[in-house]
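Step one of this worksheet: look at the structure below.
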Amino acid sequence: MDLETHLKDTPDDLAELILTVAECSRKIRDAFMGKQGMTDTKNIYGERQVALDKWADQLLVKRLGDDLDTVKTVASEEQQNILVYKDEDDPYNVTLDPVDGSSLIGTNLTVGTIVGIFKHHDVLSQGKKMEAAMYILYGPLNILVYTAGKGVHEFAMNKRGKYFLQRENIRIPNGKIYAPGALRRDYLPIHKKYIEMLEDDGYKLRYSGCFVADVHQLLCNGGIFTYPGFKGRESGKLRLLFEANPMGFIVTKAGGAASTGLGNILDVRPSSVADRVPIYIGGKKEIELIERLNRENI
Ligand code: F6P
């Protein structure tokens, strides 16, 4: 079944939005050949922008903001400000991480696109208010995963650029993979204990440096991804709006969970588009363990 057919029970305007991102992802895949270098510009975090990242941002912003009639605002990791379009009444507010893991482009490792979709809630709302979320993985295959609130579904792109259903209503399995971000020497004590417990329990290391890829493997094999708060940056590295919330929404809808280590990420109230958050995302069992360790040490 193709993506369009799969979306037949989804409201037309939301289906159109998801299909538009899917169409952009085909163009982004095609652009890998020509857009490998760096630009002279920096994003809001002061990081030099990768050419593909900037190009993908412009493509997505144009197609969603300018070309669709239903998108009111777009917040992108690559933009300084929230972009405002059209009428007050337009229902959708969208967050974009155009190319997550873009430092890996030069080494031809998998990168991704992450999209969060709010309906009648602004992008600074709690993640649990999201209507839908999706990501695309640019690996050996283009993989698209979306949830419009009910199940989590996975599609693969064929030679003609069309997405076909691979797995429907994905549930995160039990598994023993861990993907730990940050330097071990900077771990805070409870996180250090947590990682040691996973290792003692036989968890196997699988960390690519691309959040989307590292979380996608958990939907396939189970386990846990963490990018914790660490010495020198207790709020962690990953961005609440662009990374943690949409991926947390998807994993939660697949029967997993996403936590700051203290509580549900989807309950966090953002204070700005640039917020960062410590993240633990994956199986419920692994999330319960870090939350218990933190509770016992408070
Ligand atoms: O936030 C961008 C990102 O590349 C994520 O995709 C990834 O999880 C993380 O940063 C990797 O960070 P590091 O290079 O510190 O492992």
Side-chain angles (χ1 to χ4, degrees), residues 1-32 52 55-74 76 85-86 89-100 110-121 130-172 212-213 215-216 219-220 242 245-247 249-255:
M1 185 192 298
D2 68 16
L3 179 60
E4 197 167 350
T5 310
H6 199 261
L7 286 163
K8 67 180 184 318
D9 296 331
T10 305
D12 286 352
D13 51 2
L14 180 56
E16 184 189 34
L17 211 163
I18 292 170
L19 288 167
T20 302
V21 175
E23 181 201 316
C24 291
S25 74
R26 188 174 51 75
K27 297 195 170 135
I28 293 170
R29 170 138 210 133
D30 289 347
F32 275 88
L52 181 71
W55 181 86
D57 177 55
Q58 286 165 354
L59 173 73
L60 285 159
V61 160
K62 176 176 182 325
R63 291 292 288 114
L64 297 178
D66 288 337
D67 297 351
L68 294 187
D69 285 334
T70 53
V71 173
K72 181 163 138 196
T73 64
V74 175
S76 166
Y85 296 91
K86 310 187 196 82
D89 297 338
D90 290 339
Y92 292 108
N93 297 296
V94 178
T95 65
L96 289 179
D97 186 350
V99 183
D100 175 60
T110 298
V111 296
T113 295
I114 311 175
V115 181
I117 301 169
F118 291 91
K119 187 172 190 177
H120 300 306
H121 292 285
M130 251 179 269
E131 186 76 6
M134 63 192 291
Y135 62 82
I136 288 104
L137 269 187
Y138 308 96
L141 293 172
N142 258 35
I143 295 288
L144 180 153
V145 172
Y146 87 89
T147 179
K150 286 195 194 110
V152 175
H153 316 295
E154 181 194 74
F155 294 76
M157 196 173 81
N158 72 6
K159 276 194 269 183
R160 293 198 193 85
K162 270 202 140 197
Y163 282 102
F164 279 87
L165 184 64
Q166 297 217 119
R167 293 192 290 159
E168 201 170 30
N169 296 316
I170 300 173
R171 307 298 291 172
I172 186 166
V212 191
V215 173
H216 181 73
L219 279 187
C220 303
F242 307 112
N245 269 342
M247 297 303 284
F249 189 75
I250 291 169
V251 169
T252 301
K253 293 290 175 193

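- Evaluation of the side chain to side chain donor-acceptor pair (under 3.5 Å) rule for R171 yields no partner, not counting sequence neighbours.
- Once rounded to the nearest 0.5 Å, the distance linking CE of M247 with CG of D97 reads 10.0 Å.
- Under the rule for a side chain to side chain donor-acceptor pair (under 3.5 Å), the partners of E168 that lie at least two apart in sequence or sit in another chain are H6.
- The ring-ring contact (aromatic ring centres under 6.0 Å, His included) search around Y135 returns H216, not counting sequence neighbours.
- Minimum heavy-atom separation, T70 to D90: O-CB, 3.7 Å.
- For the residue pair L141 and A156, the shortest heavy atom distance occurs at CD1-CB, 4.4 Å.
- Listed here is the closest heavy atom pair of A148 and L14: CB-CD2, 4.1 Å.
- Closest of all the heavy-atom pairs between L52 and V99 is O-CG2, 4.2 Å.
- Listed by chain and residue number, M130, P246, F249, I250 satisfy the side chain to side chain contact (heavy atoms under 4.5 Å, CB included) test with A133 (two or more places apart in sequence, or in another chain).
- For Y138, the ring-ring contact (aromatic ring centres under 6.0 Å, His included) partners are F32, not counting sequence neighbours.
- Every pair passing salt bridge (Lys or Arg N to Asp or Glu O under 4.0 Å) that includes a residue from residues 141-166 is listed here, sequence neighbours excluded: D2-K162, E154-R167.
- Residues meeting the salt bridge (Lys or Arg N to Asp or Glu O under 4.0 Å) test with D67, sequence neighbours left out: K62, R63.
- Checked against side chain to side chain donor-acceptor pair (under 3.5 Å), D57 has the following partners two or more places apart in sequence or in another chain: S76, Q79.
- Taking CD1 of I117 as the start and CG of L17 as the end, the distance is 4.5 Å to the nearest 0.5 Å.
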Take N245 and T95, measure what side chain to side chain contact (heavy atoms under 4.5 Å, CB included) needs, and give me the verdict at the end. CA-CA 10 Å; N245 269 342; T95 65; over 6 Å; no
V61 vs Y85, side chain to side chain contact (heavy atoms under 4.5 Å, CB included): CA-CA, chis, key distance, verdict: CA-CA 10 Å; V61 160; Y85 296 91; 3.1 Å; yes
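- The side-chain hydrogen bond (donor to acceptor under 3.5 Å, both in side chains) analysis of residues 10-20, with sequence neighbours excluded, yields the pairs D13-Y92.
- Every residue two or more places apart in sequence or in another chain that forms a side chain to side chain contact (heavy atoms under 4.5 Å, CB included) with T73 is listed here: I82, V84, N93, V123.
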Go through the steps to decide whether L60 and I28 satisfy the test side chain to side chain contact (heavy atoms under 4.5 Å, CB included), and finish with yes or no. CA-CA 10 Å; L60 285 159; I28 293 170; 4.2 Å; yes
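- Separating the CG atom in L7 from the CE atom in M1 is a distance of 10.0 Å, to the nearest 0.5 Å.
- With values rounded to the nearest 0.5 angstrom, L3 atom CG is found 5.0 Å from F155 atom CZ.
- Across every non-hydrogen atom of V152 and A254, the tightest pair is CG2-N, 3.7 Å.
- Across P98 and T113, no two heavy atoms sit closer than the pair O-OG1, 2.6 Å.
- The distance from the CD atom of E4 to the CD1 atom of I18 is 12.0 Å, given to the nearest 0.5 Å.
- Checked against side chain to side chain donor-acceptor pair (under 3.5 Å), D100 has no partners two or more places apart in sequence or in another chain.
- Remark: H121 engages F118, S125, K129 in a side chain to side chain contact (heavy atoms under 4.5 Å, CB included) (not counting sequence neighbours).
- How far NZ of K253 is from OG1 of T147: 6.5 Å, rounded to the nearest 0.5 Å.
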